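Contents: one structure, followed by commentary.
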Amino acid sequence: MDSNVNQLLKLRREKLQRIVEAGINPYPVKSHRTRQIGELFHDKERWIASEEQFSVCGRLVAMRRQGKLGFGNLEDISGKIQIYVAQNLIGEENYEVFKLCDTGDFIQVDGAVFNTQAGEYSIKAEHITMLSKNLRPLPAVKEKIVDGKAVRYDEFADIELRYRKRYLDLLLNPGHRQVFIQRSAIIKGIRKFLDSREFIEVETPILQPLYGGANARPFITHHNTLDTDLYLRIALELYLKRLIVGGFERVFEIGKNFRNEGMDRFHNPEFSMLELYQAFSDLSGMMELTESCFKYLAKEVIGQDVFHFQGHEVNLTGEWKKASMIELVKEYSGFDASDFDEERIAAECNKRKIEIPKGAGAGKMISLLFEACAEEHLIQPTFVTDFPKEISPLAKEKPGNPNLTDRFELLIAGCEFANAFSELNDPLDQRMRFEAQARLKELGDEEANVVDEDFLEALEYGMPPMGGLGIGIDRLIMLLTENNSIKEVILFPQMKPE
RNA sequence: GCAUCUUUAGCUCAGCUGGUAGAGCAACUGACUCUUAAUCAGUGGGUCCGGGGUUCGAGUCCCCGAAGAUGUACCA
């Protein structure tokens with residue numbers, strides 16, 4: 001395999017040598033561009049009539065040379081245009097440069113636009129300049145326009161190669177490039193939406209002396225100067241809350257979290273998260289905000305109400321369903337867990353062959369029942385409310401029920417998309433919750449929270465009542481771009497070393 | 001982690017019940033001044049994912065391993 005690659009490389013290197021010997025710089029510093037290719041398509045007739053001379057730059061993605069005349073396709077970020085290169089126009093010397101071009105090279109073409117005899121809108125080259133020589137032939141993807149639609153042949157389609165060599169995927173598969181353009185637009189849309197609600201964007205530490213804000217195993221690293229271990233954050237929560245203690249009333253952060261866990265089509269070890277906190281709001285405020293934000297992004301950024309996702313048709317319009325976890329368990333399994341009777345609930349879990357982890361109480365078991373019975377049925381957007389306190393160590397107790405919290409998760413197509421609560425601001429209660437987590441940790445729960453004394457101290461100074469919300473950005477983008485794997489929406493997903 | 005499937009030329013793929021590899025595109029050489037999946041003629045290119053085994057003989061059968069996909073478990 002290697003020897004063959006080397007042979008292909010060798011030929012391109014020899015060509016490079018010939019270019020250098022001809023006195024041409026294959027990697028010049030200067031390029032000159034007066035128009036993007038896309039601009040030339042705005043009003044073709046006007047450009048043709050103007051006979052204006054353009055300089056365009058781009059990658060040569062196809063070549064059709066025939067003796068002393070040649071065609072090529074030149075592509076930049078804005079579009080693709082055919083170039084027409086005739087020896088009698090550019091001169092013998094410059095035509096030699098064209099003959100040394102390969103697909104994959106970056107070149108500059110100077111000339112005006114015209115229609116060829118076949119009616120193809122093209123640039124009639126007056127001069128060709130080599131901008132960057134390609135030394136490794138690109139995988140061959142051909143394209144034919146049928147009824148105005150591009151039909152592609154021999155697409156660069158190997159999933160593993162696409163992820164490992166993402167630059168080739170982006171270069172050769174315009175549809176996949178589009179996903180990341182949309183990703184950028186969606187994130188921009190989130191910022192615009194939150195800006196309209198007077199949130200400020202902040203940045204909090206990724207390297208943390210303690211990790212918290214979620215149940216997950218962390219990545220551990222080491223700081224040499226401080227000679228101390230640090231954790232990569234698993235959530236943004238505890239630092240953002242400190243900012244609300246500090247007097248900010250509406251903050252958000254969009255950033256990477258890191259969780260040392262398994263990978264599948266919904267999980268990448270590093271993933272993007274939006275978290276926001278709004279003082280003097282609460283759970284219902286977060287619900288309204290979540291629903292408005294999703295609808296805004298769907299309508300204003302993507303321009304769609306209905307999305308095909310995970311084999312379902314998801315409709316984001318209308319008022320979203322709200323139901324408590326216990327109601328949903330009852331609806332889909334017939335089992336009523338509202339009495340929090342540990343023995344009865346454990347028996348129900350056993351009946352359904354659900355493994356009960358060490359130290360799990362009624363609340364944890366209810367959530368397991370919910371996941372086993374109800375989750376997969378929640379296809380249209382559903383706010384699942386009233387989470388057991390036991391599994392919600394940072395959420396405020398639900399008034400009138402000490403077993404539950406004022407929390408929701410948003411489920412769409414059976415997947416979790418958002419998580420929000422009325423945030424716990426009682427420092428004494430928070431300490432007891434941390435201690436309960438610490439006991440779970442001693443029982444072997446590697447994902448239980450650790451006691452964060454510095455955070456508790458901050459709470460003791462006083463934190464206003466507030467709503468908090470987390471949205472998994474990658475999953476949101478999966479939904480809005482209709483992709484079924486998280487790897488399709490992360491530019492460089494985690495892969496095992498080859 | 002477990003189960004199933006996949007891995008053959010730079011890319012996309014063929015290769016039936018075992019007889020030491022094929023196509024298209026890409027590459028290279030030549031022809032060609034209106035092509036556009038350009039065309040025509042010719043050429044080169046493979047440790048068949050890796051390692052063992054069975055066999056006179058393995059891309060093909062068996063075992064072990066690797067990577068990937070899917071499902072499942074775990075991950076609220």
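Residue numbers begin at 1 in each chain, while the letters A, B, ... track the order of the sequences. Keep in mind that what you see is a predicted model, and the values were worked out from it rather than measured.
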CZ of A/Arg136 versus P of B/C28: gap in Å, rounded? 15 Å
From the set B/C34, B/U33, B/G68, return the single nucleotide nearest to any side-chain atom of A/Ala86. B/U33
Just jot down the side-chain hydrogen bond (donor to acceptor under 3.5 Å, both in side chains) partners of A/Ser122, sequence neighbours excluded, or say none. A/Gln82
Closest approach of A/Tyr84 and A/Thr116, non-hydrogen atoms and distance? CD1-CG2, 4.5 Å
Along RNA chain B (nearest heavy atom to each residue), the more 5'-positioned of A/Gly72 and A/Asp102: A/Asp102
If the P atom of B/U4 is compared with that of B/G65, how far apart are they to the nearest Å? 13 Å
Euclidean distance for C1', B/U72 against B/C25 (whole angstrom): 40 Å
What is the distance, rounded to the nearest whole Å, between atom CD1 of A/Ile81 and atom C1' of B/U36? 13 Å
Base, sugar-phosphate, or nothing for A/Ala62, non-hydrogen atoms under 4.0 angstrom? nothing
Checking all strands, does A/Lys15 fall into the base, sugar-phosphate, or nothing category for heavy-atom contacts under 4.0 angstrom? sugar-phosphate
Just to verify, what does A/Phe408 make a ring pair (Phe, Tyr, Trp, His ring centres under 6.0 Å) with, not counting sequence neighbours? A/Phe383
Basic-acidic side-chain contact under 4.0 Å: A/Glu75, A/Arg177: yes
With a 3.5 Å cut-off and sequence neighbours excluded, list the donor-acceptor pairs that the side chains of residues 472-479 of chain A form with protein atoms.
unit_1   : atom_1 : unit_2   : atom_2 : d
A/Asp474 : OD1    : A/Arg183 : NH1    : 2.9
A/Asp474 : OD1    : A/Arg183 : NH2    : 3.1
A/Asp474 : OD2    : A/Ser272 : N      : 2.7
A/Arg475 : NH1    : A/Glu416 : O      : 2.9
A/Arg475 : NH2    : A/His267 : NE2    : 3.4

Atom-pair distance (OH on A/Tyr84; P on B/U35), nearest Å: 11 Å
Rounded to whole Å, the CD1-P distance (A/Ile486 to B/G68) equals 16 Å
Expressed as a whole number of Å, how far does the C1' atom of B/C34 sit from that of B/U20? 49 Å
Is A/Arg162 reaching over with its side chain to a backbone N or O of A/Glu488, donor-acceptor style, under 3.5 angstrom? no
Exactly one of A/Arg233, A/Arg259, A/Lys256 should register a salt bridge (Lys or Arg N to Asp or Glu O under 4.0 Å) with A/Glu270. Which one does? A/Lys256
Taking the P atom in each of B/A58 and B/G51, what is the distance between them to the nearest angstrom? 14 Å
Consider the side chain of A/Arg64, meaning its heavy atoms from C-beta on, and name the nucleotide among B/G68, B/A38, B/A27 that approaches it most closely. B/A38
Using atom names, set out every protein N or O paired with an N or O of nucleotides 23-26 of chain B below 3.5 Å, distance rounded to 0.1 Å.
unit_1 : atom_1 : unit_2   : atom_2 : d
B/G24  : N2     : A/Asp154 : OD2    : 3.1
B/C25  : O3'    : A/Lys142 : NZ     : 3.3
B/A26  : OP1    : A/Lys142 : NZ     : 2.7

Ion pair check, A/Glu14 and A/Arg12, cut-off under 4.0 Å: no
When rounded to whole Å, the NZ to P distance for the pair A/Lys496 and B/G50 reads 19 Å
Strictly under 3.5 Å: I want the nitrogen or oxygen pairs between protein and nucleotides 30-32 of chain B, one per line.
unit_1 : atom_1 : unit_2  : atom_2 : d
B/C32  : N3     : A/Gly67 : N      : 3.4
B/C32  : N4     : A/Gly67 : N      : 3.3

Base versus backbone protein contacts along nucleotides 69-76 of chain B [heavy-atom cut-off under 4.0 Å; B, S, -]: SSS-BBBB
For the side chain of A/Glu120 and the base of B/U36, is some donor closer than 3.5 Å to an acceptor across the two? yes
For A/Lys68 and A/Asn88, does a side-chain donor sit closer than 3.5 Å to a side-chain acceptor? no
Which pairs, with at least one residue in residues 362-387 of chain A and sequence neighbours excluded, count as a side chain to side chain donor-acceptor pair (under 3.5 Å)? A/Asp386-A/Lys398
Just checking, is any N or O donor in the side chain of A/Asp282 or A/Ser422 under 3.5 Å from an acceptor N or O on the other one? no
Kindly write out the residues that satisfy ring pair (Phe, Tyr, Trp, His ring centres under 6.0 Å) with A/Phe387, not counting sequence neighbours, or none if the list is empty. none
Under 3.5 Å, side-chain donor or acceptor atoms of residues 103-110 of chain A against the rest of the protein: list the pairs with distances, not counting sequence neighbours.
unit_1   : atom_1 : unit_2   : atom_2 : d
A/Asp105 : OD1    : A/Lys133 : NZ     : 3.3
A/Asp105 : OD1    : A/Asn134 : N      : 2.7
A/Asp105 : OD2    : A/Asp102 : N      : 2.8
A/Asp105 : OD2    : A/Lys133 : NZ     : 2.7
A/Gln108 : OE1    : A/His32  : N      : 2.9
A/Gln108 : NE2    : A/His32  : O      : 3.4
A/Gln108 : NE2    : A/Asp110 : OD1    : 3.1
A/Asp110 : OD1    : A/Ser55  : OG     : 2.8

Let's see if you get this right: which residues in residues 430-443 of chain A place a heavy atom under 4.0 Å from RNA chain B? none
Give me the distance, rounded to whole Å, that separates B/C61 from B/C16 when you measure between the P atoms they each carry. 9 Å
Length of the CD1-P vector between A/Ile83 and B/U33, whole Å: 18 Å
Counting Watson-Crick and G-U wobble pairs with both distances under 3.5 Å, what is the dot-bracket string for RNA chain B, 5' to 3', using [ ] for crossing pairs and | for pairs to another strand? (((((((..((((.....[..)))).(((((.......))))).....(((((..]....))))))))))))....
In whole angstrom, what separates A/Phe98's CZ from B/U35's C1'? 11 Å
Within the structure shown, what part of the strands sits under 4.0 Å from A/Gln87 by heavy-atom distance: base, sugar-phosphate, or nothing? nothing
Check whether the side chains of A/Tyr239 and A/Glu237 place a donor and an acceptor atom closer than 3.5 Å, and report yes or no. no
Check A/Arg18 with A/Glu21, please: is the shortest side-chain N to carboxylate O separation under 4.0 Å? no
Between B/A14 and B/A21, how far apart are the two C1' atoms, rounded to whole Å? 11 Å
Cationic N near anionic O, under 4.0 Å, A/Arg439 to A/Glu442: no
Nearest-angstrom distance, P atom, B/C40 to B/A23: 16 Å
Need one value for A/Asn88: base, sugar-phosphate or nothing, where a base atom within 4.0 Å counts as base even if backbone is also close, heavy atoms only. base
Can you tell me the distance, in whole Å, between the CG atom of A/Asp158 and the P atom of B/G68? 12 Å
Can you tell me how far P in B/G50 sits from the matching atom in B/U8, rounded to whole Å? 10 Å
Looking only at side chains, do A/Asn215 and A/Glu447 share a donor and an acceptor under 3.5 Å apart? no
Using the test side chain to side chain contact (heavy atoms under 4.5 Å, CB included), find all partners of A/Asp76 that sit at least two apart in sequence or belong to another chain. A/Arg33, A/Gln36, A/Ile37, A/Ser78
